[in-house]
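Everything numeric here is computed off the predicted structure, so don't read it as measured data.
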Amino acid sequence: MLVATFGEKSMFRPFSILIVCLVLVGCREGISYKPDEWVKCDGLSSPKPSGIGLANAVLYTGSLGLLGNQMPEGAKQYFREKGENGVVACTQVLESGVLDNESYWLRHINILKARAIHSLENGDGNAALADLNAIDVVAGNRADDIFYQRSLGLSLLYLKGLSYQEMNKPAKANNAFQKFSERRPYSRNIQFLALMKLSEGRINAANRVVQLDSNYLHMYVTLMEWELGQETKAADNWAYLVSGQFYRKSSFQHTNIRNINDSTLIIGQTDPTTLGRAAISAARVNRMEQANKWIKQAKYNLAGLSQKKGNRDGILQRLQRISSSSNEDKIKYQEILVKAYGQYFVGDIEGARASLTSAPTNFPLWAPLLALVEKLQQNFPLNQRQGILELDVKSKWEELSSQGVSIKKDDDFLNSLFTRLPSLERKSTINSYSSKAWFFKQNGFSEKALDDGTHQIEFLGSSSTITVVDEMTLLRAAELAMKASKPGFVIVGLNNYERKIYSTYNGMRVSPDRHAGYITKIKVAFIDPLNIPKKWKVHKGRIFDAEKVWHDLAPIYLNIKKNL
């Protein structure tokens, strides 16, 4: 936080400047703002001559920020139009002739990109694609720069995927989204955006997400269940979640993993519905002993019972009873499905049919259910099927595979792309990959060893994008892992922050917040994948290959200033 203070002897000059500033500004506050076509198009003001920018900078500094941000107008996203109105505004800007100035090439690209988004809001994929192709001409050889390709170029690729979707070209759309995901694998934002739209190959994107954030493990394993040929891997991953005391919060799509001492790893700590899901996944691959054990434990947990009655943990568990009608129904269905699988695998086909047909017709749509129905249908002609066995399995698989993943989506998705899609990154604005130096250099990384054997690593970038800051933090983790002679590392905690500064006078804020960069903090454990400590086994599959991370990111960020 910046604090502007003045002693008694220095008060006259600042207030003299302030009076001049007030005269210059006049009655600005009384004038309602009317956005021009530039702002209506993409929420940003028109290009300003450098002299105007300098005058506004002097005004801002001289007033100590008391007049608000009088710097050249920046984002005014709330004035941006949508759909056809946005297209009209962008078209007027493009036809104004201002963008014929080569020095405004980036602004030209952003206007075309904005019009493409507005066309998508209209459902016009052809118009959107035409504008995106026109950007290639404006960019010229600038598009060959690796930083352009990894930022603005990625944004255009994603928008092309959306355009193909609108044009009913699903194969081309999915190909664009896959490339979008693969070109920047260490960005959560990139992977989330890809997952929202991928129709095939979502497992790879989901794997990248859970490597960065264990909160999405439930989503990852669920997606794995939907993929043919992944049944055994799905069962293995459910088993890891149970052994790691995975607990899904009922009010959020997120989850917790309790990494505690080995001596207290009790299956009973896992929430009932996760135990039930693990049970039916195990039953699907004929691990019936494990499945029956977990479904029994799920029923105990649902009732608030404990394997060790009378102890403090058991009392607390009963007091914190997590049973609900919804959970009770789910576990009832899970138990039926586990029983039916057990009957099927011992050759009791009639018994399996009886178990499934005894269930209500509103049985939840689970991949293991469809897989078993499919197996049973092969044993009965159409006229002998009833209840659950009457399902149109093919259409239900398609319905399941088209479902979205459990990631919070913006209510106005297309409008959110103005800020969610990567903006242009330049070599000159990327903070160097180096450690912080106290007092005179705040940018860079720092780390410290923690008592639990993990390390906390932090990277602060004042001018870099959040994606760059994330990647440099991972790069440092890879470097430290290799120095520790560990081939891998796992992220057990991750937080991102936007850093803001503002000025105060006599304890009162006298300026608006100003963006001052991003901070990423991660907590990592350095691990040998061939010898994983028991308490980290729940993270098997989430381990980063340190050499690969280094190989992918070091050529981009090391000695970057030498290439300017």
Side-chain angles (χ1 to χ4, degrees), residues 21 24-26 28 31-63 65 67-82 85-119 128 130-143 145 147-148 151-156 159 415 417-430 462-465 512-516 564:
C21 293
L24 289 173
V25 174
R28 181 186 176 105
I31 301 174
S32 61
Y33 177 77
K34 293 183 179 180
D36 59 17
E37 301 309 317
W38 297 81
V39 173
K40 291 179 181 179
C41 173
D42 67 352
L44 299 173
S45 61
S46 59
K48 296 289 193 301
S50 59
I52 293 178
L54 179 61
N56 282 332
V58 171
L59 180 60
Y60 178 83
T61 305
S63 68
L67 303 179
N69 188 357
Q70 303 295 331
M71 295 291 282
E73 292 180 72
K76 295 183 180 294
Q77 308 293 341
Y78 36 85
F79 288 113
R80 184 174 55 236
E81 296 285 359
K82 295 181 181 180
N85 290 336
V87 170
V88 170
C90 295
T91 301
Q92 290 182 2
V93 169
L94 290 166
E95 293 176 351
S96 68
V98 174
L99 296 175
D100 293 341
N101 187 333
E102 174 63 17
S103 64
Y104 295 150
W105 68 271
L106 180 56
R107 195 74 175 89
H108 193 173
I109 287 176
N110 284 329
I111 293 294
L112 285 169
K113 185 177 76 170
R115 190 166 70 172
I117 294 175
H118 293 314
S119 293
D131 277 335
L132 296 170
N133 289 333
I135 289 175
D136 295 336
V137 178
V138 177
N141 58 12
R142 300 181 187 93
D145 180 77
F147 293 97
Y148 178 101
S151 55
L152 183 55
L154 270 186
S155 297
L156 305 180
L159 292 174
N415 188 50
L417 295 181
F418 280 96
T419 53
R420 292 197 65 179
L421 285 173
S423 56
L424 180 66
E425 294 171 1
R426 305 171 188 260
K427 294 178 184 178
S428 58
T429 60
I430 292 177
S462 60
S463 58
S464 299
T465 66
D513 291 342
R514 286 175 288 161
H515 174 74
L564 290 179

Looking only at heavy atoms, which two atoms of Lys40 and His118 are closest? And how far apart?
O-NE2, 4.3 Å
When rounded to the nearest 0.5 angstrom, what distance separates CZ in Arg420 from OG in Ser155?
12.0 Å
Tell me, with the steps shown, if Ile430 and Ser463 meet side chain to side chain contact (heavy atoms under 4.5 Å, CB included).
CA-CA 6 Å; Ile430 292 177; Ser463 58; over 6 Å; no
Checking Asn133 now: which residues fulfil side chain to side chain donor-acceptor pair (under 3.5 Å) with it, not counting sequence neighbours?
none
Could you go through the side chain to side chain contact (heavy atoms under 4.5 Å, CB included) check for Trp38 and Val98 one step at a time?
CA-CA 11 Å; Trp38 297 81; Val98 174; 3.8 Å; yes
Gap separating the CG atom of Leu424 from the CG atom of Asn110, nearest 0.5 angstrom
8.5 Å
Can you sort out the partners of Tyr148 under ring pair (Phe, Tyr, Trp, His ring centres under 6.0 Å), two or more places apart, ordered by chain and number?
none
Nearest 0.5 angstrom please: Leu156 CG to Ile109 CD1, how far?
7.5 Å
Give the C-alpha distance, both sets of side-chain angles, the deciding distance and a yes or no for side chain to side chain contact (heavy atoms under 4.5 Å, CB included) between Asp42 and Arg107.
CA-CA 10 Å; Asp42 67 352; Arg107 195 74 175 89; 2.6 Å; yes
Using 0.5 Å steps for rounding, measure from the NZ atom of Lys113 to the CG atom of Leu421.
6.0 Å
Quick note, side-chain hydrogen bond (donor to acceptor under 3.5 Å, both in side chains) partners involving residues 85-100, not counting sequence neighbours, are Thr91-Arg115
Quick one: side chain to side chain donor-acceptor pair (under 3.5 Å) partners of Ser151, sequence neighbours excluded?
none
NZ (Lys34) and CZ (Phe79) are apart, to the nearest 0.5 Å, by 12.0 Å
Glu81: salt bridge (Lys or Arg N to Asp or Glu O under 4.0 Å) partners, not counting sequence neighbours:
none
Just jot down the salt bridge (Lys or Arg N to Asp or Glu O under 4.0 Å) partners of Glu102, sequence neighbours excluded, or say none.
Arg142
Check: Val39 main-chain N/O paired with Asp36 side-chain donor or acceptor under 3.5 Å
yes
Report yes if some heavy atom in the side chain of Trp105 is under 4.5 Å from a heavy atom in the side chain of Leu99; otherwise report no.
no
Would you say Pro422 and Leu152 make side-chain contact, with heavy atoms under 4.5 Å?
no
Could you measure the distance from the OH atom of Tyr104 to the OG atom of Ser46? Nearest 0.5 Å is fine.
8.5 Å
Yes or no on side chain to side chain contact (heavy atoms under 4.5 Å, CB included) for Phe147 and Arg426, after CA distance, side-chain angles and deciding distance?
CA-CA 6 Å; Phe147 293 97; Arg426 305 171 188 260; over 6 Å; no
State, with a plain yes or no, whether a side-chain heavy atom of Leu112 is found less than 4.5 Å away from one of Leu132.
no
